[in-house]
Amino acid sequence: MIGGLIALKIDPSIMTQLGRGRRTVLVTGTNGKSTTTRMTTAALGTIGRVATQADGANMDAGIVAALSANQGMPLAAIEVDELHLPHVADALDPAAIVLLNLSRDQLDRVGEINMIERRLRAGLERHPNAVVVANCDDVLVASIAYDHPNVVWVAAGGGWAVDATSCPRSGEPILWEGENWRSTGADFSRPQPDWWLEGEDLCGPGGFRKTLHLALPGRANRGNAAQAVAAAVAIGAEMAKATEATGTVREIAGRYRTVTVGEHDARLLLAKNPAGWQEALSMIDHDSAGLVIAVNGQVPDGEDLSWLWDVRFEHFEGVQVVAAGERATDLAVRLTYAGVEHTLVPDPLRAIASCPPGHVEVLANYTAFRDLNRDLEARNR
């Protein structure tokens with residue numbers, strides 16, 4: 001990010017200058033930004049060279065650095081922090097904006113979720129010509145895009161609905177009937193999707209249907225791929241080629257990769273907020289030799305760990321669970337109340353070593369994941 005920080009100090013308009021002449025897709029949401037951006041990059045790569053962030057730096061300095069390092073590329077797929085989307089969109093005048101999901105994150109940094117919804121809705125009003133690729137299964141995302149004149153709706157899934165029990169427009173309850181939802185106090189209901197998933201197949205306009213062969217696990221990543229394909233097609237990519245390209249994404253900044261640690265093959269997963277944790281926990285292999293859960297409470301993680309009580313840890317009977325990280329004791333208390341038998345080993349590498357030989361799942365929040373990767377790199381030097 002250092003190059004972007006310096007460039008912005010020299011010329012605050014540098015982002016606008018670097019964005020000129022490109023067809024840009026902006027990707028935002030609480031969870032799945034990096035994965036969807038990588039998939040969108042792969043899908044757009046079927047029609048041209050694509051500028052993007054290699055490391056997920058999704059605020060102004062990181063975006064400027066990525067665009068500066070990839071000058072001359074006619075396309076861009078840019079991950080954007082949800083708080084930064086309005087002014088980044090103003091600077092880059094995107095051809096498309098992907099809205100993945102919206103749920104509560106770090107209250108000490110992000111604030112209340114309904115405030116973010118209103119801010120993003122107002123930001124979209126300034127870009128009526130952009131194609132908005134929006135998840136119709138997420139109530140808050142649907143509210144952001146509902147009045148926009150140019151929306152492509154994707155049924156990408158919405159496993160976490162805790163933050164949208166009431167309508168963001170009227171405050172009245174949201175009623176669910178199967179996969180459909182509606183507000184009881186406003187003319188606001190689930191839009192009909194243009195793209196949707198049926199099992200492993202992606203379905204789209206004109207009767208399009210093609211099986212997704214993804215290297216990444218989980219229902220959420222199928223939804224991410226659906227939105228990436230929809231965005232690339234809106235820019236001009238062929239449906240079939242864009243769909244195939246999403247399967248080339250195998251890891252994102254170390255996430256999902258498997259590393260050898262002594263007698264263990266450890267798969268590394270990242271989660272940063274209640275919705276992300278719930279989705280990541282659904283990917284855990286219950287036949288693994290162990291599950292290491294590593295939690296820190298540094299500023300990038302959010303120092304308030306009360307969110308641990310919003311996550312369902314109750315379904316890990318029969319799996320050897322180890323609580324790790326700087327806030328391992330807080331996690332251990334939560335696991336105790338969840339009735340999950342566990343051991344307490346604060347150091348994540350030692351926690352992995354404490355498991356029986358074989359496959360180990362490692363689920364960590366932001367700085368715990370970062371520090372574990374640093375320790376693994378130091379160990380292999």
Side-chain angles (χ1 to χ4, degrees), residues 31 104-109 160 162 217-218 253-381:
N31 293 302
R104 66 182 179 275
D105 204 343
Q106 305 155 16
L107 288 176
D108 54 348
R109 183 183 75 87
W160 181 269
V162 177
R255 306 170 203 179
Y256 305 107
R257 70 176 174 137
T258 298
V259 297
T260 300
V261 183
E263 299 179 293
H264 307 88
D265 291 323
R267 183 173 67 150
L268 309 183
L269 301 173
L270 172 70
K272 297 180 284 189
N273 47 62
W277 275 87
Q278 208 63 63
E279 192 61 46
L281 286 167
S282 72
M283 300 179 192
I284 298 299
D285 180 1
H286 285 244
D287 294 325
S288 61
L291 167 62
V292 174
I293 305 175
V295 174
N296 286 358
Q298 299 180 26
V299 170
D301 308 302
E303 296 173 310
D304 178 0
L305 293 192
S306 59
W307 57 263
L308 285 170
W309 297 88
D310 297 323
V311 179
R312 290 191 67 253
F313 290 100
E314 281 79 3
H315 57 298
F316 285 104
E317 297 82 4
V319 180
Q320 180 167 327
V321 177
V322 186
E326 296 170 353
R327 301 291 288 273
T329 304
D330 296 79
L331 173 61
V333 172
R334 174 68 185 100
L335 293 174
T336 298
Y337 275 88
V340 177
E341 293 187 13
H342 62 278
T343 56
L344 179 64
V345 183
D347 180 79
L349 278 178
R350 292 180 182 272
I352 295 170
S354 74
C355 296
H359 179 75
V360 175
E361 301 276 40
V362 181
L363 178 55
N365 69 349
Y366 185 78
T367 65
F369 186 89
R370 177 201 66 194
D371 295 348
L372 175 58
N373 276 281
R374 178 200 62 202
D375 293 343
L376 287 168
E377 290 174 7
R379 177 177 160 275
N380 292 328
R381 284 174 190 156

Task: Close side-chain approach of Arg255 and Phe369, heavy atoms under 4.5 Å - done: yes

- [ ] Search all heavy atoms of His342 against all heavy atoms of Val340 and return the closest pair with its distance.
- [x] ND1-O, 2.8 Å

Task: Minimum heavy-atom distance Pro348-Ala324, with the two atoms named - done: CA-CB, 4.2 Å

May I have the list of side-chain donor-acceptor pairs in residues 286-293 shorter than 3.5 Å, sequence neighbours left out?
| unit_1 | atom_1 | unit_2 | atom_2 | d |
| --- | --- | --- | --- | --- |
| Ser288 | OG | Asp285 | O | 2.9 |
| Ser288 | OG | Gly290 | O | 3.3 |

TODO: Would you indicate whether the side-chain heavy atoms of Arg379 and Val259 approach each other to under 4.5 Å?
DONE: no

Open item on the list: Is a donor from one side chain sitting under 3.5 angstrom from an acceptor on the other, for Thr367 and Asp301?
Closed with: yes

Open item on the list: I'd like to know whether Tyr256 forms a side chain to side chain contact (heavy atoms under 4.5 Å, CB included) with Leu268, so could you lay out the CA-CA distance, the side-chain angles of the two residues, the decisive distance to 0.1 Å, and finally the verdict.
Closed with: CA-CA 5 Å; Tyr256 305 107; Leu268 309 183; over 6 Å; no

Open item on the list: Take a 6.0 Å sphere around CZ of Arg257 and say whether it holds more than 12 heavy atoms from other residues, nucleotides or ligands.
Closed with: yes

- [ ] Would you mind reporting whether Val345 and Ile352 have side-chain heavy atoms less than 4.5 Å apart?
- [x] no

Open item on the list: Taking Arg370's backbone N and O only, do any of them form a donor-acceptor pair with Asn373's side chain (distance below 3.5 Å, no angle check)?
Closed with: no

Open item on the list: Measuring from atom CD of Glu361 to atom CG of Asp265, what distance do you get when rounded to the nearest 0.5 angstrom?
Closed with: 11.0 Å

Task: Point-to-point distance, once rounded to the nearest 0.5 Å, from CG of Asp310 to CD of Gln278 - done: 9.5 Å

Open item on the list: Quick one, Leu281 and Phe313 - any side-chain contact, counting heavy atoms below 4.5 Å?
Closed with: yes

Open item on the list: Within this structure, what is the CD-CD distance for the pair Glu303 and Gln298, rounded to the nearest 0.5 Å?
Closed with: 9.0 Å

TODO: Look up atom CE in Met283 and atom CG in Leu269, then write down how far apart they are to the nearest 0.5 Å.
DONE: 7.0 Å

Open item on the list: I'd like to check the salt bridge (Lys or Arg N to Asp or Glu O under 4.0 Å) partners of Arg334; sequence neighbours left out, ordered by chain and number.
Closed with: Glu314

Open item on the list: Within the 4.5 Å heavy-atom criterion, are Asn365 and Trp277 side-chain neighbours or not?
Closed with: yes

Open item on the list: Applying the side chain to side chain contact (heavy atoms under 4.5 Å, CB included) criterion to Leu308, which one of Leu335, Val333, Leu331 satisfies it?
Closed with: Leu331

Open item on the list: Please report the interatomic distance CD(Glu341) to OG1(Thr336), rounded to the nearest 0.5 Å.
Closed with: 10.5 Å

Task: Ala368 to Asn296 - nearest heavy-atom pair and separation - done: N-ND2, 3.3 Å

Open item on the list: Would you say that Val295 contacts Leu305 through its side chain, given a criterion of any heavy-atom pair below 4.5 Å between the two side chains?
Closed with: yes

Task: Nearest non-hydrogen partners of Pro274 and Val311, listed with the distance - done: CA-CG2, 4.0 Å

TODO: Using atom types as modelled and distance alone, determine if a side-chain donor or acceptor of His264 lies under 3.5 Å from a backbone N or O of Cys355.
DONE: yes

